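In what follows, a single structure is set out as structure tokens and then discussed.
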Amino acid sequence: MTMEAYVAYSAPSSGLLPLSAPTTILGASSFSGTGAVAIGFDFIFDGAVHTQFNSRPHALALGASAPPTSSATQLSDVSTMRILAPWGWGAAVTAPTDGYIRTELQGSAPHRLRVVDYRLRTAISSTDHWVIEFQTVMFEHRGRIEFRYGGEPVLAGAGGTGGDPKIGVRGDTSASADAYRDFLAHGHPFGGSSSSTAPLPAASFPDTWPGAGTMYVWELQVPVPEEYDPLEGTAFVGRNRPDAEPIVRMGRNTNWLIAHHGPPLLNVAPYALEQTDHVYIIPVSPSADGRDYVAQLASYSTVAGGSLSVVIDEDRAGGESQPATSADWAEAATDLSATLEDTSHWWDDFVVPLDHRTRLLRVRVTSEDGVPYRVLPLSLLLYPAARTELPLAPPSGAVPFGLASLLHADGSAVHPEVINRCWRSAAAVAQDLEQMVFSFVQDATTPRLTFVHSSALPARRLGTWHPVLPGQGGAEVDVRIYAKSTVDGSRIVVGEESGDSVEFDLDAHGGEYRLMTARLRLSRARPTIYAMAFPAPTGAITPLAVVGAWRPGA
Amino acid sequence: MIRPVIARLVDIDLQPLIRGETPPARLEYLTALNERLVGLACTPYAVTALLGDYRVKRSSWGGDSGGRWLVAQRIACGARSMRPRLTVAAEGGSGGETGAAIIYSESSGGTAADEIRIAPTVGGGRALTQMTLGGVVLGVDGADSWEPSPGSAQDRLVELTPRLAPATERFELDEIEGFAGEVRLVPDLSVI
């Protein structure tokens, strides 16, 4: 990499790096060179490998030779010399009694760094000068360079000039006349002849001192790809550090999350007895991303080798009550049938396309051919199918990454939108897809569980769950019940032990099942959740479903 | 080593990570973004607390003797194990179930025992349903013990297959009323 591949920028800094056991390579009151000092690793700069440096107070030269003496303007004189100059002021000398150039090798391969630590005076005068401290840091990894600065300069004596320094790095100017990367705001450039380069007013010091809160950084800019496959790989590629082609890697990781994030939309273990026909009605809220869902069904049959059929319908009618007519149920998965290899059986995965307006699923499991054997669905899981193509602009707001957006990185800078879009798109998907936290479902054709009022036992336990939402204390869960009551005034209460609760008032509504939803805030990531039924006098409650669903971004 | 982290999904702020003028193309930005994406990919999904009636699988209730309940859970990237979190109910008297809760889940070690037995922690008889009983209902955690080569049935963490993509893990249950679990991550994502 030549100098054109470097970007230079200023960044917030914590100040000087602490040194544990530095080696002093130049003592007080000196402006001579340190002699050749080993860097300790192969430091790549300006397309060349360097293993040594030699520094004077006003500049560091890579290689065995010292930089030009005394005058900062002479830093341009030796065209083949590669120079790092945090404060290229020609009159710089190490401080009179406690000055130094020190150095230390830190870290372990392949992330070592060489720190060169300076304490200088800004003038030849040993009595009138400023004392300043700064560091040059060379990184083994990708040849990064940092200039770090100490606190406010300390004035010694009556005064003294601080200088109009050159701050920057310089490559081999015999190879490229443009091999400078300077900070003009705080100095004057390496380029140009000594006589034609106008110095900054010396009086501007110490206002021009960068200070401990700033550092200057040079590093290789990240490469922009020439080709880009927006959806490559079935595994998350983020397990690798983004060293090679980092923009490509970030783009792929983002698209991978958009395509593969797959929490459980629905997961139930129906409460039922073996019988020939089953119907379950389960509240759901599919993603606005227009996804298909994969269904995994386990069933039990009293006859091995028998056949079952499964039909999944979705209700888009809206409102609270169950669909008034069969027309309100839309078939989401066509008739599926399977011949059971054994009494207990995992079905082959099948795909259920669901509309985001769907609020109820109806699952019908039937023994086929009129054979009077009994069946029992053991569990049903639905999760988002992995995308094989990326949507252009799904409703969640997640925008996949394409080459067009990558090209915002125009060879010298990465547009902030590249980073922002990666992050926001991936996070939007994670926050949009609903996850089922707890569930109870029973058969609607022959409900086994009906709570009849009893004055001796007015509150009846419907269920207790112990779900886990790792690291997500404070989550808000939508509690959905699908139930009916024979009389007005019945209630179902769902809550977290030692926490909040929500109450569902169940009136008779002509004996019709109703869908009701309330939001419950969970204080813990490992809550205990309870549901209690309170049938009104002379009445009874029949719950077909009690579920809790979490949409992180809701 | 790349240590997976759990993102706090409820706290994610969708504000831009970088504001202002066009910055240089810095590896520092992209490394920070990569860590956030790893967090999103490895944050475990909610492990649905399933509530069923496992009596119907027992001969005394007309089901097949010794039958198991088949259930599944969705598992995100980077998972290594799951600590079972069960719901059990106690009648409070004698005569109920007294056997251990059992999870069948494949173990991969040099020796392999797929059976995980979690002994009941309640006194007296244990009921297999809480619905119609007025007894005590408890949450019971399995042992927090990683044993990749179990030689016999024991109380331990459920071994999961570490993956770099979400997957469905299947379990077979017996004598368990409510089933969930806490997913644990691999210490180093780069070795998967």
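In this text, all values refer to a predicted model and were calculated from it rather than measured experimentally. Every chain is numbered from 1, with letters handed out A, B, ... down the list of sequences.
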### Message
A/Q435: which residues meet the side chain to side chain donor-acceptor pair (under 3.5 Å) condition with it, sequence neighbours left out?
### Response
none
### Query
So, A/Q472 side chain and B/L9 main chain: donor-acceptor pair closer than 3.5 Å or not?
yes
### Message
Please classify the contact between A/V437 and chain B as side chain, backbone, both or neither, with a heavy-atom cut-off of under 4.5 Å.
### Response
both
### Summary
If one checks every heavy atom of A/Q296 against chain B at 4.5 Å, the contacting part turns out to be side chain
### Query
Heavy-atom distance under 4.5 Å to chain B: side chain of A/R526, backbone, both or neither?
both
### Query
Pick from B/V183, B/T168, B/D141, B/D11: which one has the most heavy-atom pairs with chain A under 4.5 Å?
B/T168
### Query
So what's closer than 4.5 Å to chain B heavy atoms on A/W423: side chain, backbone, both or neither?
both
### Query
Which pairs with one or both residues in residues 142-158 of chain B pass side-chain hydrogen bond (donor to acceptor under 3.5 Å, both in side chains), sequence neighbours excluded?
B/D144-B/R184
### Check: B/W69 side chain, A/L378 main-chain N or O, donor-acceptor pair, under 3.5 Å
yes
### Message
Just so I understand: if I count every heavy-atom pair under 4.5 Å between each of A/G553, A/A298, A/A525, A/P527 and chain B, which residue has the most?
### Response
A/P527
## Note on the structure
Counting heavy-atom pairs under 4.5 Å with chain B, the top scorer among A/R551, A/R144, A/Q442, A/Q431 is A/Q431
### Query
If you look at every heavy atom in B/A46 and A/L469, which pair is closest and at what distance?
CB-CG, 4.2 Å
### For chain B, the option from A/P470, A/P270, A/A386 that forms the most heavy-atom pairs under 4.5 Å
A/P470
### Task
State which residue, out of B/L30, B/N34, B/L17, B/L33, fulfils the side chain to side chain contact (heavy atoms under 4.5 Å, CB included) condition with A/C422.
B/L33
### Query
Do you know which of A/P552, A/P263, A/P467 has the most heavy-atom pairs with chain B at a distance under 4.5 angstrom?
A/P263
